[in-house]
Amino acid sequence: MAATPGTHPTPADEAREAAVEKALARLDLDAKARLLAGQDMWTLPALPEIGLASLVMSDGPIGVRGVRWTAEDPSVALPSPTALAATWDPELAHRAGVLLAQEARRKGVHVLLAPTVNLHRSPLGGRHFEAYSEDPYLTGEIGSGYVAGVQSGGVGTTVKHFVANDAETDRFTVNNLVSERALRELYLAPFEAIVANAHPWGIMTAYNTVNGTTMTEHRYLVNEVLRGEWGFDGFNVSDWLAARSTTAALTGGLDVAMPGPVTVYGEALAGAVRAGEVTEAELDEAVRRVLRLAARVGILEGADPVVTEPPAPVDGDALAREIARRSFVLVRNEAAGGRAALPLEQGTTVALIGAAARDARVLGGGSATVFPAHVVSPLDGLTAALPEGTLTYAVGADPNEELGVADKGFTLEAVCRDISGTVIGTRSSPSGHIQWMGSDLPDGVTHTTLHTVEVTGTFVPRETGTHTFGIKGLGTYTLTVDGTTHFDGVRSTDTDDPFVSFFGAPVPLAQVELTEGTPVRVSLTHVVELAADAPLTMLAFTLCHQGPQRDPDELIAEAVEAARAADTAVVVVATTERVESEGFDRKDLRLPGRQDDLVRAVAAANPATIVVVNSGSPVELPWCDDVAAVLLTWFPGQEGGAALADVLTGTHEPGGRLPTTWGTLSEAPVTRVAPTAGELTYDEDVFIGYRAWDKESRTPTYPFGHGLGYTDWTYESLDVSGTTATVRIRNTGPRAGRETVQLYLAPTTPDENRPARWLAGFATVEAAPGESAEAVIALPRRAFEIWDETAGSWAYVKGAYEVAAARSLDDPRVTATIEV
Ligand code: BGC
């Protein structure tokens, strides 16, 4: 019976189960097998005979894209998952979830493909920005808040990617060799916590293999651990194209193979039952779980959804802004001219510098992409917040060395033609990016009739000079600019990643001299070649553009001049989509382009230099001791610039604490993300993140948990009674504030097989100046346990532990010793 683990099924649960059984009994083998196979990119088939509507899924995690991949169907874009984790506030994650459920309902989505709870095993992981933390406990807490929030809005989640999908290199095939102990203590731990705390309605199994078995067939981890030991009663969907077999997937616990229409389930599954390779009872188990999900989200007739009254409406723009400023981590704030550099003094003149200050990078690349209706850049945010005449702007350095999507200055439409060249449909295109999935085609167009798609329209240049045009995508193209054809041929690749059109590099194909304000016509025609047996019915290609490139030294010199003329310089540095994205891992942690040179030059010209770091995951900050302040803003979502203005001007304090250690690549202990001969051994075992830095006795640039606000705190006392720690702190600074009280546990007798210390609990508290506040934090039993490989169970490790109430891992304020 499906109920929250540890609770009894409610009458409503029982009624839903009865409806599920009734529906199941009315389905024949073929219909059941069909239900487990995606019918297109995002949906399952409807089965009208049992009153079942089509179930719709969508990415996740910072917004809800919906079934169309286009700016024409905008979504609220929240800050990146690293940012959400930096708030250290599961309650805020819950509120984010409620908003996402509202977005999902608005877009007709029943299941959100989120959250991503893989760990920051290495800073090189390409999807680092999309996961929460290097710490399993923090990840589990934030993930639990998020899942509970989404589901309180009646929308399902798929906690992903189960499990050990911690890097991108060869992600479809890599065999990750991980000890059971590291799995239990680290990689499985967030999933386990979320199942226990938030009862997710779904899970997504990963592309990768773990210890020799691909995750979509991992009977042990899925059926025995997740379902058996933990009591997970939701459905299990494959990552997109991850399922490879029919029988092994079904017996390995995979319920749904996505996307369709070509999958290993459907007809193939009905055939496997008929051939006696799997039993109908096994198939029924999977169908039951899908019907249960359908009942929960309210698309199975005769079953009441879990949520009948959606929560009160949430203002998405306001919440995006609140989360952003609560996530910003002030890692350095030194005295410049007698006072801390931040917040800015009223009337300060500011030179804002950096390409990302104008064209903000608000989200990470890949399936996490959504299209917000608007973006507030730092330039927009500060222009609105500062008095007129006190702000100047200079580019300084542009890290975008490659072509980007053709958007600013372009007015485009997509024209579809059949084989005879007759126009069969058109669709306006907000940018040069075309991504049509499944049946999402312009009116009147079908995959059978569609022969070419032409992206065509006008471009009005913002600057005079050499403009570069190019494409991203595979297949046959013709590119014409201003009446001249610059490319007419085929683009191919040697990678077998089916998503290369998302993650591949843009290719420059034409350089054209253009004049500011003088429109030219552009056209990119793509011949559609969709193989009948292609696993995806997806059409994806992009018209790309890059404006005239300025001399980098000249740009830096201009920025230095601007910095000299202002009281304060605010330099926004950033990574690019080619640095942080799904689909590949990072090669280094350096800021791309000349940004380090820029910061050094500006800091030399103005001691009051504040650096704002716009990246989803750690980058090296070789100049950090030479600048007045460093503020990490992650990928801050659509309201990032407004939140930045709030924090810089001091209307709000930056609330974030590091959810991951911030250091250099040469010092980082775990850096291997590429397999050798198909295998990636997690040699470091249970020592990742700060556990590894401790083991190597290395000091990172900024430790786990670090982050400054705008007030000061004194830690007055720590009392541990039983499994509850009570920490009394006082706001001894000049203004009201919020503090994240962190509890670390360390065995008093060091044991080289265990981490030296680890996060055991945390809480956020608020206090006015002079006031004290109490944080009451439970010490979970699990914090004292290790996984005993021999016994195959958890072992409670008795002995003496030091409990530290701390401002960060490296800033313990009060300690107590306990004996357990
Ligand atoms: C990603 C998933 C995502 C899915 C659908 C996959 O490539 O790994 O996280 O949910 O695509 O977009």
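Start at 1 and go down the list; that is how both ligands and their atoms are numbered.
Ranked by closest heavy atom to atom 4 (C) of ligand 1, the top entry among Thr369, Asp239, Thr116, Leu113 is Asp239.
Between Tyr477 and His526, the ring planes are parallel. Angles under 30° get that label, and only those over 60° would be called perpendicular. In this structure, His433 and Trp69 have perpendicular ring planes: the angle between them is above 60°, well past the 30° mark. Ring geometry, Trp240 versus Trp42: the interplanar angle falls from 30° to 60°, so the pair is classed tilted.
Where the criterion is an N or O separation shorter than 3.5 Å, residue side chain and backbone included, Arg127 meets it with respect to ligand 1. Considering backbone and side-chain N/O atoms, Trp240 never comes within less than 3.5 Å of an N/O atom of ligand 1. Geometrically, ligand 1 and Arg65 share no nitrogen or oxygen pair separated by less than 3.5 Å.
For Asn236, the side chain to side chain donor-acceptor pair (under 3.5 Å) partners two or more places apart in sequence, or in a different chain, are Thr205.
For the pair Arg68 and Trp436, the NZ or CZ position fails the cation-pi test of under 6.0 Å to the six-membered ring centre and within 45 degrees of the ring normal.
Residues Ser144 and His94 fail the side-chain proximity criterion, which asks for heavy atoms closer than 4.5 Å.
Close approach to Ser367 involves these atoms of ligand 1, each under 4.0 Å from a residue heavy atom: 1 (C), 2 (C), 3 (C), 9 (O), 12 (O). Interface atoms of ligand 1 facing Trp42, defined by a heavy-atom separation under 4.0 Å, are 5 (C), 12 (O). Which parts of ligand 1 touch Lys160 is read off a 4.0 Å heavy-atom cut-off, strictly below it: atoms 2 (C), 3 (C), 9 (O), 10 (O). Residue contact check: Met204 has heavy atoms under 4.0 Å from atoms 10 (O) of ligand 1. Per-residue contacts place Arg171 under 4.0 angstrom from the following atoms of ligand 1 (heavy atoms of the residue considered): 7 (O), 8 (O).
Contacts of Glu168 with ligand 1, taken as heavy-atom pairs under 4.0 Å, are absent altogether.
In terms of heavy-atom proximity, Leu254 sits nearest to Ala243 at CD2-CB, 3.7 Å.
Assignment of Glu582 to the shell around ligand 1 is supported, since a heavy atom sits closer than 4.0 Å.
Residues in residues 199-219 take part in no salt bridge (Lys or Arg N to Asp or Glu O under 4.0 Å) pair, two or more places apart or across chains.
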